[in-house]
Amino acid sequence: MTKKDRIAIVVSIVYAILPLLVLFEEPAAALLFCLPIILYWGYRFIKNDISFIGNSNDSAQ
């Protein structure tokens, strides 16, 4: 796991605390607050930039 991954995980967890607190009162607002996290990790997944997933296809290229 790279330093970039560790920082991204910590920031994502800290940022996700607010939506979890709002979840029971307003689920739509919680989803809206979680959208940046979902978009960020989705972008990194599409770009194959998450080192801890460990793709076995990388060695074949």
Seminar exercise, completed: Note: with side-chain heavy atoms under 4.5 Å as the link, the other cluster members for Y43 come out as none
For this session: If a pair satisfies salt bridge (Lys or Arg N to Asp or Glu O under 4.0 Å) and one of its residues is in residues 8-21, list it, with sequence neighbours excluded.
Result: none
Problem set entry | Of all pairs that satisfy salt bridge (Lys or Arg N to Asp or Glu O under 4.0 Å), the ones with a partner from residues 26-45, not counting sequence neighbours | D5-R44, R44-D49
Problem set entry | Nearest-0.5 Å distance, CG of residue L23 to CG of residue L31 | 9.5 Å
Seminar exercise, completed: For I17, the hydrophobic cluster (side chain heavy atoms closer than 4.5 Å, chained through members) also holds L21
Problem set entry | Identified side chain to side chain contact (heavy atoms under 4.5 Å, CB included) partner of V11 from the options I7, I9, I13 | I7
Exercise. L18, I38: one ILVMFWY side-chain cluster at the under-4.5 Å cut-off?
Worked result: no
For this session: Could you tell me which non-hydrogen atom of F33 sits nearest to which non-hydrogen atom of Y15, and how far apart they are?
Result: O-CE2, 2.9 Å
Exercise. If you take all heavy atoms of P19 and C34, which pair is closest and at what distance?
Worked result: CB-SG, 3.4 Å
For this session: Return yes when atom CZ of F45 has more than 12 non-hydrogen atoms of other residues, nucleotides or ligands closer than 6.0 Å, and no otherwise.
Result: no
For this session: Identify, with sequence neighbours excluded, every residue that meets side chain to side chain contact (heavy atoms under 4.5 Å, CB included) alongside I46.
Result: none
Seminar exercise, completed: Students should find that the hydrophobic cluster of L35, defined by side-chain heavy atoms under 4.5 Å apart, otherwise consists of L39
Exercise. Which heavy atom of R6 sits nearest a heavy atom of M1, and at what distance?
Worked result: NH1-O, 3.1 Å
